[in-house]
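In what follows, a single structure is set out as structure tokens and then discussed.
Order of the sequence lines sets the chain letters (A, B, ...), proteins ahead of strands, with each chain counted from 1.
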2 protein chains.
Amino acid sequence: MKSDKLRITSQRDVILDELRAAKVHPTADELYEQVRRRLPRVSLATVYRNLEWLSEQGLARKIEVGGRQKRFDGDISDHYHVRCHKCGRVADVEMDLLDGVEDRIAQCCGFTVTGHRIEFTGLCPACSNGSAC
Amino acid sequence: MKSDKLRITSQRDVILDELRAAKVHPTADELYEQVRRRLPRVSLATVYRNLEWLSEQGLARKIEVGGRQKRFDGDISDHYHVRCHKCGRVADVEMDLLDGVEDRIAQCCGFTVTGHRIEFTGLCPACSNGSAC
DNA sequence: TCAGTAATGATAATAGTTATCATATAAATG
DNA sequence: CATTTATATGATAACTATTATCATTACTGA
């Protein structure tokens, strides 16, 4: 019989654990490097697959930011992000959500607006120190 | 002698013209299809190259939104965008800029914040009608 | 223990973009 | 207007990030 219980494999467990432990929001390959320290035989495909799965299950979040690579967040609460325009690093911003900002829109080409996302841009500590990232 | 004048080729002219004429913000390949109607021998590489060049010259803007493909905007003024979460279409939002919103940030992991970008999400007219995009 | 289902690792395939290079074209100069 | 020189173009290869495939492995429930 089919169970509706989430199947937590050791890979999933370590992936979520490392994602939650990350100070900034990692790309799949950054996380892969971390996970590999604990599970040396893990595959990059497993990391991609499970980041997707964790997002679907609501245990993690795929964050849509600019830049070529996707980034992931172990914190599922709604919040804003800041991205370094030099190295692409993404971190959390502590700021109250702008509730009702959707109501301020005068015109939006007929779109039905249901949410918003703010991405602050700037320089991360490493890049503003002039040191390599 | 080297001139500092911008070299406007027919390709660049048509690319910028079509970009400005677009109601929504096209991806490179969408724009390529449009440009091809006027310049049938144009190469996709030329479209990519010139969208990059136009952005560098300040004649167009590369808009950093979620989704796999980059999108471009012929309107270089600072404004917000709305993206259809179903088909990825991106359009302008008419809303006053949130001046000084960067000052409201309590904490941002040591980043030096210099700007922000808002991406509203929702459904475009075509997708909310249930029709195919 | 066993059967059935789902996850894994290795790798191929794909999508989007950028790089390469021989040829063509535009602007400056004579 | 012809020539020169730098730059842009078209065709295509290469590259990067991600997703799909598939044989094997490992859970889970009976």
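Rounded to an integer number of Å, the gap from B:Trp53 CH2 to C:dT18 P is 17 Å. Atom CZ of A:Arg36 and atom C1' of C:dG9 are 12 Å apart (whole Å). The CD atom of A:Gln57 sits 13 Å away from the P atom of C:dA6 (whole-angstrom rounding). In this entry the distance linking CG of A:Leu51 with C1' of D:dT19 reads 13 Å, nearest Å. Nucleotide D:dA8 holds its P atom 12 Å from the CD1 atom of B:Ile15, rounded to whole Å. The CG-C1' distance, from B:Leu16 to D:dA8, rounds to 16 Å in whole Å. The interatomic distance linking B:Ile8 (CD1) with D:dA6 (C1') rounds to 16 Å, in whole Å. Distance B:Glu52 CD to D:dT7 P: 18 Å, rounded to the nearest Å.
Counting any heavy atom pair closer than 4.0 Å across all strands shown, B:Arg12 reaches sugar-phosphate atoms only and no base atom.
Salt bridge annotation for A:Arg71-A:Glu30: present, with a cationic side-chain nitrogen under 4.0 angstrom from a carboxylate oxygen. Between A:Glu52 and A:Arg49, none of the side-chain N atoms (NZ, or NE/NH1/NH2) sits under 4.0 Å from a carboxylate O, so this pair counts as no salt bridge. We find that B:Arg37 and B:Glu18 are not joined by a salt bridge, their nearest charged nitrogen and carboxylate oxygen being 4.0 Å or further apart. The existence of a salt bridge linking A:Arg20 and A:Asp75 is excluded, since no basic side-chain nitrogen approaches an acidic carboxylate oxygen closer than 4.0 Å. Taking a cutoff of 4.0 Å between a charged side-chain nitrogen and a carboxylate oxygen, A:Arg83 and B:Glu64 qualify as a salt bridge.
Residue B:Arg7 has no polar side-chain atom (N or O) positioned under 4.0 Å from OP1 or OP2 of C:dT25. For the OP1/OP2 pair of C:dG9 and a distance below 4.0 Å, the side-chain nitrogens and oxygens of A:Gln11 include at least one atom meeting the criterion. At the phosphate of C:dT8, OP1 or OP2 sits under 4.0 Å from a side-chain N or O atom of A:Thr9.
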Review item, side-chain donor-acceptor pairs of residues 98-114 of chain A, under 3.5 Å, at least two apart:
{"unit_1": "A:Glu102", "atom_1": "OE2", "unit_2": "A:His116", "atom_2": "N", "d": "3.3"}
{"unit_1": "A:Glu102", "atom_1": "OE2", "unit_2": "A:His116", "atom_2": "ND1", "d": "3.1"}
{"unit_1": "A:Thr114", "atom_1": "OG1", "unit_2": "B:Thr121", "atom_2": "O", "d": "3.3"}

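DNA chain C is contacted by both A:Asn50 and B:Arg49; A:Asn50 maps to the nucleotide lying nearer its 5′ end (nearest heavy atom per residue).
The only option from B:Arg61, B:Lys62, B:His81 that meets the side chain to side chain donor-acceptor pair (under 3.5 Å) definition with B:Asp73 turns out to be B:His81.
Under a hydrophobic clustering in which Ile, Leu, Val, Met, Phe, Trp and Tyr are joined whenever their side-chain heavy atoms come within less than 4.5 Å, directly or via other members, A:Leu51 and A:Ile63 fall into different clusters.
Each end of the helix from C:dT1-D:dA30 to C:dG30-D:dC1 gets its own axis from five base pairs, and the two axes differ in direction by 30°, given to 10 degrees.
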Can you give me the N/O atom pairs linking the protein to nucleotides 12-18 of chain D at distances under 3.5 Å, or say none if there are none?
{"unit_1": "D:dA17", "atom_1": "OP1", "unit_2": "A:Gln69", "atom_2": "NE2", "d": "3.3"}
{"unit_1": "D:dT18", "atom_1": "OP1", "unit_2": "A:Lys70", "atom_2": "N", "d": "2.6"}
{"unit_1": "D:dT18", "atom_1": "OP2", "unit_2": "A:Tyr48", "atom_2": "OH", "d": "2.4"}
{"unit_1": "D:dT18", "atom_1": "O5'", "unit_2": "A:Tyr48", "atom_2": "OH", "d": "3.4"}

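For the residue pair A:Ile8 and A:Trp53, the shortest heavy atom distance occurs at CD1-CH2, 4.2 Å.
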